[in-house]
Number of protein chains: 2
Amino acid sequence: MGTTARDIARHVGLSVTTVSRALNDHSDVAPATKAKIRAVANQLNYHPNAAARTLKINRANALGLDIPLGLHRSYDTIWLEFIGGMAASCARHGVDLLLSATDDTERTPASFERLVRGRRVDGVVVCDIRSDDSRVNWLLESDIPFVAFGRTVGQDDYCYVDVDGAAGAQEAVQYLIRLGHTRIAYLGLDATFGFSHFRRAGYHEALHSIRAHDPELEFEGLTEETAPAVARSVLSCPNRPTAVLASADFLALAVIRAAREAGLSVPTDLSVIVFDDNPSVQREDPPLTAVSQPNRRLGEEAGELLLDRLNRPEQGPGHRLIAPSLIIRSSTGPRPRNMESEGTTATVA
Amino acid sequence: MGTTARDIARHVGLSVTTVSRALNDHSDVAPATKAKIRAVANQLNYHPNAAARTLKINRANALGLDIPLGLHRSYDTIWLEFIGGMAASCARHGVDLLLSATDDTERTPASFERLVRGRRVDGVVVCDIRSDDSRVNWLLESDIPFVAFGRTVGQDDYCYVDVDGAAGAQEAVQYLIRLGHTRIAYLGLDATFGFSHFRRAGYHEALHSIRAHDPELEFEGLTEETAPAVARSVLSCPNRPTAVLASADFLALAVIRAAREAGLSVPTDLSVIVFDDNPSVQREDPPLTAVSQPNRRLGEEAGELLLDRLNRPEQGPGHRLIAPSLIIRSSTGPRPRNMESEGTTATVA
DNA sequence: TGAAAGTACCGAAACGTTTCGGCTGCACCG
DNA sequence: CGGTGCAGCCGAAACGTTTCGGTACTTTCA
């Protein structure tokens with residue numbers, strides 16, 4: 001069916017060996033011969049059999065990517081962007097990208113084993129690492145080359161890329177502080193998400209630096225169902241916050257709804273910053289100030305890091321932490337005047 | 001490194017041949033031997049080398065998927081869902097899924113050639129087919145087994161899956177008609193999108209059946225930039241529509257904004273139905289009635305169809321058209337009373 | 001009881017590539 | 001001029017699997 005190296009060899013009257021060496025740009029083939037072989041290969045529409053190559057050199061020239069689908073009810077743009085980034089870095093290095101979408105909640109990485117041991121891929125990128133994720137140890141024990149997207153907390157003897165959530169939260173809060181806010185609430189998701197820990201840490205850090213941390217304004221473990229009620233209660237308390245940092249788009253929307261109900265306007269009476277920039281955040285009224293994760297970039301880095309470690313395994317674990325950027329839109333403004341009775345001595349940076 | 005069939009053979013004192021036949025469940029191996037071989041394979045954590053297998057049987061047991069990334073500014077949930085569906089059908093049949101994400105606008109399918117000719121995959125699913133897409137003919141000429149997601153118009157000598165956009169539009173319009181509406185506007189995207197043609201056709205069909213088609217209410221080629229202005233002008237004309245069918249979430253949002261500006265409330269003064277159900281549509285205020293595309297299902301069907309055609313090439317092209325479903329939410333209601341001066345004699349079905 | 005049929009296994013070749021070692025000529029050197 | 005080195009090419013083995021054809025032994029049955 002397909003053209004093989006032998007066909008080319010016959011065609012130019014040389015050996016298969018020389019054809020192979022020519023196409024792989026080895027040294028001891030005469031330049032003229034090389035050119036001729038390349039031309040014929042082109043003409044015959046030759047594409048090397050990947051299986052034979054893999055079998056021989058024991059390298060698949062392919063990477064595996066495990067993305068969680070069906071886990072989140074609201075499909076985030078994050079995964080698509082991440083995939084795009086990783087695909088780009090794979091394309092750049094001429095390796096293929098295999099997808100292993102895990103629907104199931106059990107999240108067993110057994111399929112990795114088949115992919116890696118069966119030499120289908122050389123390594124895998126595993127996503128959505130939780131703060132205490134068993135998959136990391138499993139992968140380490142199985143000696144499967146991998147890069148994680150997301151961190152476990154308190155363990156870093158493996159390769160990962162992650163967004164610097166602490167820096168993002170800190171930057172957001174500092175921006176609010178510069179606007180005069182001191183009562184800044186935090187609405188977070190399930191604490192087992194990898195990012196939760198770090199976002200909260202950044203939030204703490206920034207508030208502690210002006211000694212304005214109030215545990216009463218901190219909420220975690222919120223869901224799409226519980227968010228509206230919590231948002232309402234936060235805004236209705238007598239000493240309500242003047243700003244909110246929300247860890248997901250739907251949390252921010254819940255806050256905005258609640259504010260509207262309470263007759264508060266954004267950003268005049270309440271500033272809102274949301275984690276993760278996506279279309280629904282951008283199109284909200286008003287468009288939201290957001291901590292934007294460079295998802296595509298993260299995908300690229302994950303691919304690059306994995307390829308790097310495959311080529312030089314002696315390097316040991318390496319991490320790439322990418323700082324998110326604060327995109328200032330119209331949901332943030334100065335602290336409202338009438339709330340200035342606040343006791344805290346905020347120093348406007 | 002990895003365990004091979006030879007290792008197992010040595011371990012049980014049999015030949016490689018028998019090991020292979022046992023693991024592939026061939027007939028002439030004694031049941032007891034089979035069990036023993038399986039047990040040892042398990043114990044040695046054996047995973048067959050995919051490359052060797054592919055090389056020998058000339059089948060990759062893998063499918064390629066080409067998804068367009070970076071084309072749409074607003075990442076739709078559609079692609080992620082589609083990927084998930086295709087991944088599921090691949091998993092079900094024990095074949096792997098290779099991703100070939102095309103960022104570039106040129107959309108050259110040259111990489112397919114490498115994948116298919118190099119026996120990396122057995123066939124490909126190619127997405128986002130436009131109404132007149134050159135890739136279809138290229139694939140046909142190159143004799144690459146493929147299934148398209150989306151149709152060209154006026155050509156169907158190839159395999160495709162698609163959503164029945166005409167049926168979706170028709171159902172939506174008929175629902176509006178049942179609510180008493182007769183002046184129903186259509187806001188569409190770029191006509192070269194595959195779905196545009198069919199959605200419009202369904203819209204026409206439904207309106208013609210009650211002789212209420214007014215070309216003045218039909219707009220195509222809208223973009224995120226032009227949508228707000230068009231929406232305003234549509235709603236400000238003296239004989240304005242009482243309902244709108246929007247072909248994308250941002251078109252619907254533009255209409256709702258414009259309505260709000262004009263002092264019209266949804267659904268009391270204006271009904272809105274949107275194509276494609278996604279989080280931003282669901283969370284809109286009010287939540288929108290939507291034509292929901294079964295994207296995951298489409299991905300599954302695409303995978304199944306491709307595998308089916310690979311197994312039985314003699315079948316020739318086959319199509320799978322999946323009807324979308326109308327999800328009724330709060331953005332649609334009866335025709336407003338004060339608009340009943342309308343001349344059309346609408347028969348409420 | 002001898003042939004035929006069936007069962008359970010095996011040897012070896014093949015898939016298409018890469019690569020090791022070796023082979024030819026030719027140029028260059030003392 | 002004999003030897004050395006090098007440029008350019010090649011044969012053959014190997015990667016791990018599947019499968020064709022065959023063999024040895026057992027059972028069946030005329």
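Order of the sequence lines sets the chain letters (A, B, ...), proteins ahead of strands, with each chain counted from 1.
A salt bridge links Asp96(A) to Arg114(B): at least one charged side-chain nitrogen sits closer than 4.0 Å to a carboxylate oxygen. A salt bridge is defined here as a Lys NZ or Arg NE, NH1 or NH2 lying under 4.0 Å from an Asp or Glu carboxylate O, and Asp128(A) with Arg130(A) meets this definition.
Side chain of Ala30(B), nearest nucleotide from dT17(C), dA8(C), dC9(D): dA8(C). Closest to the side chain of Lys56(A), out of dT18(D), dC15(D), dC9(C), is dC15(D). Comparing dT18(C), dG8(D), dT17(D) by their closest approach to the side chain of Ala52(B) singles out dT17(D). You'll find that the side chain of Ser15(B) is closest to dC10(C), out of dT18(D), dT18(C), dC10(C).
For Arg117(B) and dC15(C), the CZ to P distance is 20 Å, given to the nearest whole Å. Between Ile57(B) atom CD1 and dT19(D) atom P the separation is 7 Å, expressed in whole Å. Regarding Arg59(A), its CZ atom lies at a distance of 17 Å from the P atom of dC15(D), rounded to whole Å. Atom CZ of Arg53(A) and atom C1' of dA14(D) are 16 Å apart (whole Å). Look at CG on Asp28(A): it is 18 Å from P on dG5(D), rounded to the nearest Å. Between the CG atom of Leu55(B) and the C1' atom of dG16(C) there is a distance of 6 Å, given to the nearest Å. In this entry the distance linking CG of Asp7(A) with C1' of dT17(C) reads 13 Å, nearest Å. Whole-Å rounding puts the Arg6(A) CZ to dT17(C) P distance at 9 Å.
Listed in residue order, the members of residues 36-49 of chain A having a heavy atom less than 4.0 Å from DNA chain C are Tyr46(A), Pro48(A), Asn49(A). Taking every heavy atom of residues 17-24 of chain A and every atom of DNA chain C, pairs under 4.0 Å involve Thr17(A), Ser20(A), Arg21(A), Asn24(A), by number.
Using five terminal pairs a side, the axes of the helix from dT1(C)-dA30(D) to dG30(C)-dC1(D) at its two ends make an angle of 60°, given in steps of 10 degrees.
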Run the side-chain donor-acceptor check on residues 14-21 of chain A: report pairs under 3.5 Å with partners two or more places apart or on a different chain.
residue  : atom : partner  : partner atom : Å
Ser15(A) : OG   : Thr17(A) : N            : 3.3
Ser15(A) : OG   : Thr18(A) : N            : 3.1
Ser15(A) : OG   : Thr18(A) : OG1          : 3.1
Arg21(A) : NE   : Asp28(A) : OD1          : 2.8
Arg21(A) : NH2  : Asp28(A) : OD1          : 2.5

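Residue pairs meeting the salt bridge (charged side-chain N to carboxylate O under 4.0 Å, His left out) criterion with at least one partner in residues 142-155 of chain A, sequence neighbours excluded, are Arg151(A)-Asp162(A).
The ring pair (Phe, Tyr, Trp, His ring centres under 6.0 Å) check on His319(B) picks up Tyr160(B), with sequence neighbours excluded. Applying the side-chain contact (heavy atoms from CB on, under 4.5 Å) rule to Asp164(A) yields the partners Ala166(A), Ala167(A), Leu321(A), Pro324(A); only residues at least two apart in sequence or on another chain are considered. Applying the ring pair (Phe, Tyr, Trp, His ring centres under 6.0 Å) criterion to Phe82(B), with sequence neighbours excluded, gives Phe149(B). For Arg117(A), the side-chain contact (heavy atoms from CB on, under 4.5 Å) partners are Glu113(A), Ser142(A), Ile144(A), Asn45(B), His47(B), not counting sequence neighbours. Applying the side-chain contact (heavy atoms from CB on, under 4.5 Å) test to Asn42(B) and every residue at least two apart in sequence or in another chain returns nothing. Every residue two or more places apart in sequence or in another chain that forms a side-chain hydrogen bond (donor to acceptor under 3.5 Å, both in side chains) with Tyr158(A) is listed here: Thr152(A). Remark: Leu307(A) pairs with Leu63(A), His93(A), Val95(A) by the side-chain contact (heavy atoms from CB on, under 4.5 Å) rule, at least two apart or across chains.
Between Gln155(B) and Asn137(B) the shortest side-chain heavy-atom distance falls below 4.5 Å.
Between dG8(D) and Thr33(A), no contact under 4.0 Å exists linking OP1 or OP2 to a side-chain N or O.
Thr54(B) comes within 4.0 angstrom of nothing in the nucleic acid, heavy atoms only.
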